[in-house]
Each structure stands twice: as C-alpha cells, then as structure tokens.
Enquirer: 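Pasting a structure below so you can have a look.
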Amino acid sequence: MCGIVGYIGFQEASDFLIAGLQRLEYRGYDSAGIATFDEDAAVRVAKTVGRVKSLETMIRDGQTPGKTGIGHTRWATHGAPSVENSHPHFGGDAKSPDVAVVHNGVIENHHALRSMLEAEGCVFSSQTDTETIAHLLSRNLKKMYAKYGRVSPGEMTVYQYAPLIEVLHNTLSSLQGTYGLAIMFRDFPEILCGARLGSPLTLGVGDGENFIASDPSPFVGYANRIVTLADHEIAILSRNDFRVIHRDQGQINPTVKELAVAENGVDLGGFPHYMLKEIFEQPESLRNTLRGRLDYDAATAHFGVLRQITPQQLRQIDRILLTGCGTSWHAALVGEYQMEAFARIPVEVEYASELRYRNPPIDANSLLFAITQSGETADTLAALREMKRKGILSLSICNIVGSTIAQASDGGIYLHAGPEVGVASTKAFTSQCLALGLLALYFGRIRHISFEAGLRIIKAFDELPDKAEQTLAVNSRIREIAEKYADSHDFLFLGRQYNFPTALEGALKLKEISYIHAEGYPAAEMKHGPIALVDKNMPSVFIVPRDAVYDKVLSNIQEIKARGGPVIAVVESGDKTIESLADDIIEIPHTDDFLQPIIASIPLQLLAYHIAIFRGCDVDRPRNLAKSVTVE
Ligand code: G6P
C-alpha cells in the first residue's frame, strides 16, 4: 500500500516523480504529493486529495521546480485522505522544515513517539504515523549537530556521510512496524536517502541520476539497472553514486540487476484499461507460467525449487497448507481440489490473516505454500514467517520476482505472468491455478499417478493457453449480457466442486470493481439460505460445464428459475440442454475439470469488467482498494 518515489539527477525531478507515481497508483490512490528542492535548496511542495492526475495539473504551473525530489501516492491508514495527511511529511520548524519524508508501511509505536516528541515541543500538522518519523529525524539531526558540529553541504561524496547515517540508524531503531522510506534533508540537498524494513524499496541506477521507488515499474524508460534493498538497509544516493549500508553489516556491495520489466508490461497497449488488457493477456501469461515446466519424457512437471528437496523428503509430505488473501486464497481453494485429486495428500486452505494467529497441528512432514501475486501482502508474509518459525518447509508461489515473500520463503515458484497493474487480479489468478495444478501433477507422479495418466494431464495443460484464447471470443456477447444486468443490486455466483472457487472469484471480481453486492456459493448450498433472496431482480450466474456434477447443477438452476430468478449460465460449447433453461448463455471450450476454473474465470472477469464500465466505475482503481496490502 502506498507508492513512493524519489529522484536525484540533472532533470526536473517532478517529471519522473509524477510518471513514477502514476505507475505506482495501484498501491493506493486517495491522495498524492511531492516535495522538491528548488535552486536555493528550499523545499517546494504540492499535495492533493485524489489521483496523481490532479497532482500533475498542479505541478504544470511550476509549483515544484528542482532536480531532487520525493513523491507519494497514498492508501490511508492513519488519518482520513486529506491534504494535511498526504505525504510528504516534514520535520522541524513548519516554516522551514529540515526533513521531508515519504513512507509506505505502518509505525506501530507512533502514539508513544508522538507523545514524546510533543512533550519536547514538536508541533504536528497531520494525524499520520509518518510525521513522527520526520520529526524524529529532525530531532536526531539536531543532536548530531550538537555532537559533531554543523556539517556543511557541498561537494561531498556519498562515502562521507557517517554522522548522517548515524542519525538514520538511531531514528530507525526507535521505530516499531514497517517502512519503506524516501527522505530529503534540507542541509544535504546533494543526496537522497532510502530505508527499508518490511515494505519494499528499489533503487534505479542511471547515468548522472538515481532513483527510488516501491517497485521497479517506475524505472521503465528511466533506468535499466536496479538494486533491491533488503530489510534493515539504508541507501544514500547522489547524482552519480549510491551506497547501501546494512544496520549490522555496515556498507555492503549490493547486487545490481538488469531491469526485467518490459515497456509494454506497464503501458496500456491500446486497451482502454489495464484490467481488460490483462484479461486478454491470459493466453500469453498462461504460456509463460507453463514454459519449461512440462516434462513429456517423465510425464510430470518441473520446478527448480523442488530439485533442492529430495524425492524421498517430498514423498514423506503428508499434509499441505495453502494460504493467501483475496483472489490468491481462491486460487488456493482450486489447488486444494487439484492436489487432493492428483496427489491424494490432505490439503488445508487457510486465510493468511487467520493462519498467522492459529496454531494448526503440523509436523516435519507438513509443507506450506504461500500464494501471492505481489509477494508483499502483510498477512501472507506473517503467516509464512509463523509457519517457518514452527519449522515447516515454507515455499511461495509468487508473481513478483525478488518480492519480500519470495525472499522470505524457503524457495519459490514464480508465475511469470508479467506485471499486473489493474487492482482486480485476473491473469495472476489463472496463473496461480495453473502453477498449483502443475504442482498437483508433480506430487501425483511421485506417488501413484501412472505414466499414461500423467501424459493425459500434460496434454490438457499444453492445450490450455489456446483454449484461453478461444474463450476470449465471448467478449462481445458478455458485453451485451452486462448491459442487460448492469442495474442489478445483487448477484449470486454458483458452481460446484472445482467451480465452487470459480464462483467465489466471480463474485469477488464483481464486488471489487462494480460495487454490486455479490455472493459466491457452492450451487447446492444455495438452498440453505441464499435462495430466500432470489427474485426477478437478482441474477444468478451458474458455472456449469459437463462434469460429474452437471445434472445436479441443472436441478439447482431449475430451483432458481422456479422462483423467478434470472439465470446466466457459463456452459461448454454446444450445450443445448441449458440453453432452454437459462436466460443467457456464455459458451466456453471444454477442458478437463481440474483446469475449468481457469477457463471459466475468464468470462466472469469480463462480465465484472463490462458491468463496471456500464456503471461508470474506475475499473483499474476501484474505491477503497489497493493492489498490494502491506498492512495487517
Ligand atoms: C488485495 C488485492 C487483491 C489480492 C489480494 C492479495 O486485496 O486487491 O486483488 O488478491 O490483495 O494479494 P496478493 O498480492 O498477496 O495476491
């Protein structure tokens, strides 16, 4: 949550800051702000409630000149969205602040720190936890001056900032909680600082300019080399140099990597919204998740991470825990069905927010998979750490390479789905279901699935991306259906077995982006309560492929029709039986049952998208949500 950026170089800082914040808006977008140093090293500020676009308009009139600056796009935690609460926050005298800070994360002991600082005479102008960091830095800076005398700014290199590094370490050691920080000091306009604990922070390395951002996407088009900061590291950046210092290890030589995000990964590519673009990217993202993982010779799936564990150890696994939040939790439910069907291993799916405080019976033969698109979700990270603490092998299934959860886990499986910018997860979900299916095959093959059965499963995986492609042909039909139902106030999504999670995910997509109340249920369970809601104004979306429970779901459809409820049915191509029962039909290609959630989710994503568009909603940035939830 919250996106932060920083720039120091030879160009107008606000150009990168605004462009970078726009790319980070998925992290939060209720208010935004930037601060720069002008030619006289005086701090210039622009802040606004609302989107980065509004900030851009303010900045066009030259409010924030300067070649060094920091910026922030906010998802409110402490204090409502307002100009006062939006970042940057300042430390020291309000008229001439000596510190400016942008922050992502939560400072848990901010009440105690604020009381202490207020008792010392600090005047706060916001309700945020971040402002305590700014005042604390300012206070510790003054202590440094008292100890060492005033350090004059000038042509110093980044290697000569020992006293300032002490100020940073002292300040950070007083903070409990999480932070990704970008900091400017009035007395040191020739440098920019960054710090990280628990919230991601990346440096972009340019020529004559350096950058800071919450993730590397803002660097596309600006810098080709990146450094990912680890917890307890701080960075000092000047125009031509940068230095990384670890709290315990002192100065370190960080690994500088090539930027792996492609230009077309962060642009709209001709689509009106990222969500639609990402829905349409699914044939490709599924291909990328599959790439190199199908082994026809051994009729199984390959995962680099599993090579580190002996087949003997893996055969002894007698319990699998799958955890995640939101859409990733729905993928975990799909994984539960797949894993139990193929591997016959008991699987438990638990919300990460619950797992982190539970004490489930586990032993050395249990295995955890933490499933996360962003790799930054606070609850998923905490659940993973808790399970690691208990001594069980804890792996991650993650989209973002090098993310906090990928690093914290004992090993990871990357989705390779490409950047997902729309707040509602689409292509990451289908890739998560696919990765879990591949794992199920792997575990099945080291246990009891035959070579022939393995080959049949592989073939189904292989055909999946083309089937996803065919499925996208329903787009215009779905648009018509969406128009018909866009004014509904409530929806039911119903499916059984593999498509129970599909129903949950369909309902979540609609809720998230159209603000229509929607519930997902196992189709038969609808009789035990939700059927009381059914009338002519409440559409039910059934996911009803020709599988083992097809006839049962037909009965459920009839039960809804008997009560006057409109039915939209997602069926396999050529299904004439349901055509006569349902009000609207969406046809999808046939696929094996364990892959149905992937194919059947695509029309549900499109339905949510088009309904939201008809209702005039901001599909990529729905109200109150953020893509990466780094608070508990
Ligand atoms: C937020 C997003 C959801 C996402 C969930 C888990 O709520 O809005 O789309 O499913 O976080 O995120 P993760 O990155 O861990 O998959």
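Both ligands and their constituent atoms are indexed starting at 1 by order of listing. These figures come from a predicted structure and were not determined experimentally.
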Enquirer: Between His273 and Tyr609, is the gap from one ring center to the other below 6.0 Å?
Expert: yes
Enquirer: List ligand 1 atoms under 4.0 Å from Gln373, heavy atoms only on the residue side.
Expert: 13 (P), 14 (O), 15 (O), 16 (O)
Enquirer: May I ask you to identify the nearest protein heavy atom to atom 7 (O) of ligand 1, giving residue, atom name and distance to one decimal place in Å?
Expert: Val629 CG2, 3.9 Å
Enquirer: When the ring centroid of Tyr521 is compared with that of Phe493, is the distance short of 6.0 Å?
Expert: no
Enquirer: For ligand 1, which atoms sit closer than 4.0 Å to a heavy atom of Ser328?
Expert: 10 (O), 13 (P), 16 (O)
Enquirer: Should you measure from each heavy atom of Ser374, which atoms of ligand 1 turn up under 4.0 Å away?
Expert: 13 (P), 14 (O), 15 (O)
Enquirer: Is Ser628 in contact with ligand 1, taking contact as a heavy-atom separation below 4.0 Å?
Expert: no
Enquirer: Among all protein heavy atoms, pick out the one at the shortest distance from atom 4 (C) of ligand 1; state its residue, atom name and that distance to 0.1 Å.
Expert: Thr327 N, 4.2 Å
Enquirer: Taking the six-membered ring for Trp and the full ring for Phe, Tyr or His, determine whether the centres of Phe342 and Tyr337 are under 6.0 Å apart.
Expert: no
Enquirer: Quick one, Gln22 with Glu56, criterion side-chain hydrogen bond (donor to acceptor under 3.5 Å, both in side chains). Give me CA distance, side-chain angles, the key distance, then yes/no.
Expert: CA-CA 10 Å; Gln22 269 160 349; Glu56 191 181 8; 3.3 Å; yes
Enquirer: Which residue owns the protein heavy atom closest to atom 6 (C) of ligand 1, what's the atom, and how far is it?
Expert: Cys325 O, 3.3 Å
Enquirer: Under 4.0 Å from ligand 1, counting heavy atoms only, is it the side chain of Thr372, its backbone, both or neither?
Expert: both
Enquirer: Report the nearest protein non-hydrogen atom to atom 15 (O) of ligand 1: residue, atom name, distance rounded to 0.1 Å.
Expert: Thr377 OG1, 2.4 Å
Enquirer: Looking only at protein heavy atoms, which one is nearest to atom 3 (C) of ligand 1, and what is the separation?
Expert: Glu512 OE2, 4.1 Å
Enquirer: Could you find the nearest protein heavy atom to atom 9 (O) of ligand 1 and give me its residue, atom name and distance?
Expert: Val423 O, 3.4 Å
Enquirer: Test side-chain hydrogen bond (donor to acceptor under 3.5 Å, both in side chains) on Glu376 and Thr404 and set out the steps.
Expert: CA-CA 6 Å; Glu376 303 295 343; Thr404 308; 2.5 Å; yes
Enquirer: Indicate whether the side chain of Thr377 and that of Asp379 have a donor and an acceptor atom separated by less than 3.5 Å.
Expert: no
Enquirer: With a 4.0 Å heavy-atom cut-off (strictly under), which part of Ala626 contacts ligand 1: side chain, backbone, both or neither?
Expert: backbone
Enquirer: Would you call Val421 and Glu278 a side-chain contact if the rule is heavy atoms closer than 4.5 Å?
Expert: yes
Enquirer: Looking only at side-chain N and O atoms, does Gln605 offer a donor or acceptor that is under 3.5 Å from a partner on Glu505?
Expert: no
Enquirer: Say you draw a straight line from OG of Ser601 to CD1 of Ile279; how long is it, rounded to the nearest 0.5 Å?
Expert: 10.5 Å
Enquirer: Heavy-atom pairs closer than 4.0 Å: do any link ligand 1 to the side chain of Lys627, the backbone, both, or neither?
Expert: backbone
